[in-house]
Number of protein chains: 2
Amino acid sequence: MKPTIKDIAARSGVSIATVSRVLSQKTGTYSEKTQAKILRIAKELGYRKNTAAVELVKKRSAVIAVILNATPTNFSTEVIDGIQKRAGELGQGVIILYAGNRDDQMLHQAIVTALERSVSGILLTAIEPDDADLTLLKNSGIPFCFVSLYLNQPKILSVSSNNESITSQAVDYLVEQGHTAIALAGIDGYHTGTQRIAGYEAGMKAHGLTTSCIKYGDYSYESGRKLLQEFLPLKVTAIITASDMIAAGILNAAQEVGIRVPEDLSLVSIDGTIICNITTPGLTSVTQDFYRIGSRSVDQVMGHDVETFVPVRIDKRGSVKHLKK
Amino acid sequence: MKPTIKDIAARSGVSIATVSRVLSQKTGTYSEKTQAKILRIAKELGYRKNTAAVELVKKRSAVIAVILNATPTNFSTEVIDGIQKRAGELGQGVIILYAGNRDDQMLHQAIVTALERSVSGILLTAIEPDDADLTLLKNSGIPFCFVSLYLNQPKILSVSSNNESITSQAVDYLVEQGHTAIALAGIDGYHTGTQRIAGYEAGMKAHGLTTSCIKYGDYSYESGRKLLQEFLPLKVTAIITASDMIAAGILNAAQEVGIRVPEDLSLVSIDGTIICNITTPGLTSVTQDFYRIGSRSVDQVMGHDVETFVPVRIDKRGSVKHLKK
DNA sequence: GCACTTTACGTAAACGTTTACAACACCCTA
DNA sequence: TAGGGTGTTGTAAACGTTTACGTAAAGTGC
């Protein structure tokens, strides 16, 4: 049998209450002598606390639930890393729950699991729940925060990059480099995509450019490869891509049909993961700080008041050509 | 207050025992009529079971703990995906615990956390515990399994590729293509590295090749870039790399100094993740089935009797040149 | 109509902690 | 010496489930 505080109490001749106080470090409520004795005996017995019992009586578990899409984007590990580190600092464990791919049923199950565990916070990473689940979350009394997704609703916590700013900065940069025929590729039809389109169109308009060219996709490498086909008949000189994988797909498919990057086509990728270093040429990117997005989301959900938007930066690599006017 | 089975019992006029039996589906112990009534009332009240209470009385939680290195290799998401899916099928939740980077302190903490939660199994992914922790695990009474690491010790569960087979197959393939000056790059100094070296040397010897060339590294892209420098003065025609990232690093560094792949240098990468498709040329690889490694490790740790070694295959892309004899 | 089984449900203990409250010893101060 | 404070400990209830055991009612076979 695993030893319990009862065993320690029996062995040390004190009550379980005292053992509990020592073990949970309610300082000031016990003498140094008993502390030493209890710690010694606990060690001797190989005592491990029973988390379930603690959570039952405390009615809240020191765990943050992270709900993820099943398709692990190449940034999710960085986000989780940030979550994990910050959670550790705050004494919280992390439990990861997969929610399938826009699978409302699985997502619902994941949320229910988190609620049943009475976690101290729920982080939804790149996930958009339906209204029923959003209501469920709101009524649960457990704080939740959207990560890498901005819903633009009042009183809903979130931490992400500013999608409008991402695309408008990308446009600014390309215009600076002399481009005017600029497309946006691989965007989704949900919140993130919509916001990026808004930023793209605002950026274009600010420079007096009215022709917009937008192609949808799903952030994957394969999607990028397919998208290149759609650009063949068009005469854009630069493409802003919704992810590094989209950029890599476009890049490779382009090179296969003899289109040179950046000589014939410039690319600015959104994300800036290590993929950007691996391709030839390297991909100039609007780089998101995923680690910080993760760590700030933990602060956010634990009630600390921190930024909603984490800044991005442009990393110049080799995929954009400077056009002479 | 969150409703409990007591509230349901009060509202439906039965005892909490009956409510519990219905809710935990002890079929055959209740009538359809009471079942219907209880389920209806539970729904009305928005009842959620309290996992902590269940775990306390059952003395085991339906959760598998996955302990990971902090440096998320690009295959870990695939492994976790496999774990997650299979665990879901078996009704187990998954909790992820990071263990830092060969940080014995953090690893110990992660193991203790898993034990305190009385998880139903512990999966150690690409992690080598020290003797004290191994003893702790063995004495815990909780099954554990090494994932993507083979310790070659009796009675220790593990699921991985066969590292000796990986490198010997790579050697076979390169010899088939006419290579004889074959190096091994980016290998670590622990179990995995040692096994891969054994396979490499056995493979070389089997073909009558006696000169071996081994360079150590840490699986990262940067490590690959550095390694290329070491190969410059040597005259190898082919390199087997310990990971896709190592291969990508060598590839890019090589191209920068005018070494063409595969014309001047052939590469066979170990892992076969999407990285192999993204580089130019694509990387020929010994591809590991990480998803299956993950899913089988769940079976293993849950007591099902499944394979310890998951087969690998060679995927030909563009990084190996066929040398005429 | 009897003995026996089955079905459906209730009672109460148990799981391992935390914590409000009480109790006691001791010391200090007026 | 009374009164109060402080430091340390014990008692016991509480957290929300599961489940062994008991029991009453209903069904079965003869």
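Both backbone and side-chain heavy atoms feed into the values below; hydrogens, waters and symmetry mates do not. Here the structure is a predicted model, which means the values were calculated and not measured. Just so it is clear: chains get the letters A, B, ... in the order the sequence lines come, proteins before strands, and each one is counted from 1.
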Review point. Mind checking what makes side chain to side chain contact (heavy atoms under 4.5 Å, CB included) contact with B/Lys59, not counting sequence neighbours?
Key: A/Met1
**Study point:** salt bridge (charged side-chain N to carboxylate O under 4.0 Å, His left out) contacts in which one or both residues fall within residues 38-47 of chain A, not counting sequence neighbours
**Key:** A/Arg11-A/Glu44, A/Arg40-A/Glu44
**Study point:** Polar side-chain atom of A/Asp271 near backbone of A/Thr273 as donor-acceptor pair, under 3.5 Å
**Key:** no
Check your understanding: With B/Ile96, which of A/Val66, A/Val94, A/Ile96, A/Leu97 fulfils side chain to side chain contact (heavy atoms under 4.5 Å, CB included)?
Key -> A/Ile96
Check your understanding: Rounded to the nearest Å, what distance is computed from the CD atom of residue A/Glu32 to the C1' atom of nucleotide D/dT9?
Key -> 17 Å
Give me the distances for all protein-to-nucleotides 17-19 of chain C N/O pairs that come in under 3.5 Å?
from   : atom 1 : to      : atom 2 : distance (Å)
C/dT17 : OP1    : A/Tyr47 : OH     : 2.6
C/dT17 : OP2    : A/Ile5  : N      : 3.0
C/dT17 : O5'    : A/Tyr47 : OH     : 3.1
C/dT18 : OP2    : A/Ser20 : OG     : 2.3

Review point. Separation of A/Arg60 atom CZ from D/dG16 atom C1', in whole Å?
Key: 15 Å
Check your understanding: With respect to the phosphate group of D/dG7, does any side-chain polar atom (N or O) of A/Ser31 fall under 4.0 Å of OP1 or OP2?
Key -> no
Check your understanding: In whole angstroms, how far is the P atom of C/dA14 from the CG atom of B/Leu56?
Key -> 14 Å
Check your understanding: Roughly, in whole Å, what's the span from NZ in B/Lys59 to C1' in C/dA14?
Key -> 9 Å
Using atom types as modelled, flag every donor-acceptor pair under 3.5 Å from a side chain in residues 47-56 of chain B to any protein atom, sequence neighbours excluded.
from    : atom 1 : to       : atom 2 : distance (Å)
B/Asn50 : OD1    : B/Ala52  : N      : 2.9
B/Asn50 : OD1    : B/Ala53  : N      : 3.1
B/Thr51 : OG1    : A/Glu116 : O      : 3.0
B/Glu55 : OE2    : A/Arg117 : NH2    : 2.4

**Study point:** Partner residues of A/Ser158 under the side-chain hydrogen bond (donor to acceptor under 3.5 Å, both in side chains) criterion, sequence neighbours left out
**Key:** none
Review point. Does A/Ser220 have any side-chain hydrogen bond (donor to acceptor under 3.5 Å, both in side chains) partners at least two apart in sequence or in another chain, and if so, which?
Key: A/Asp218
Review point. The helix from C/dG1-D/dC30 to C/dA30-D/dT1: angle between its terminal axes, five pairs each, to 10°?
Key: 40°
Review point. Excluding sequence neighbours, so at least two apart, what forms side-chain hydrogen bond (donor to acceptor under 3.5 Å, both in side chains) with A/Ser20?
Key: none
**Study point:** salt bridge (Lys or Arg N to Asp or Glu O under 4.0 Å) partners of B/Arg21, counting only residues at least two apart
**Key:** none
Point to revise | Residues in contact with DNA chain C, drawn from residues 110-121 of chain A - heavy-atom cutoff 4.0 Å | key: none
Check your understanding: What residue pairs, at least two apart or across chains, pass salt bridge (charged side-chain N to carboxylate O under 4.0 Å, His left out) with a residue in residues 136-163 of chain B?
Key -> none
Return a table of donor-acceptor pairs under 3.5 angstrom between the side chains of residues 128-136 of chain A and protein atoms on other chains or two or more places apart.
from     : atom 1 : to       : atom 2 : distance (Å)
A/Glu128 : OE1    : A/His191 : ND1    : 2.7
A/Glu128 : OE2    : A/His191 : N      : 3.4
A/Asp130 : OD1    : A/Ala132 : N      : 3.3
A/Asp130 : OD1    : A/Asp133 : N      : 2.9
A/Asp133 : OD1    : A/His108 : ND1    : 2.7
A/Thr135 : OG1    : A/Asp131 : O      : 2.8

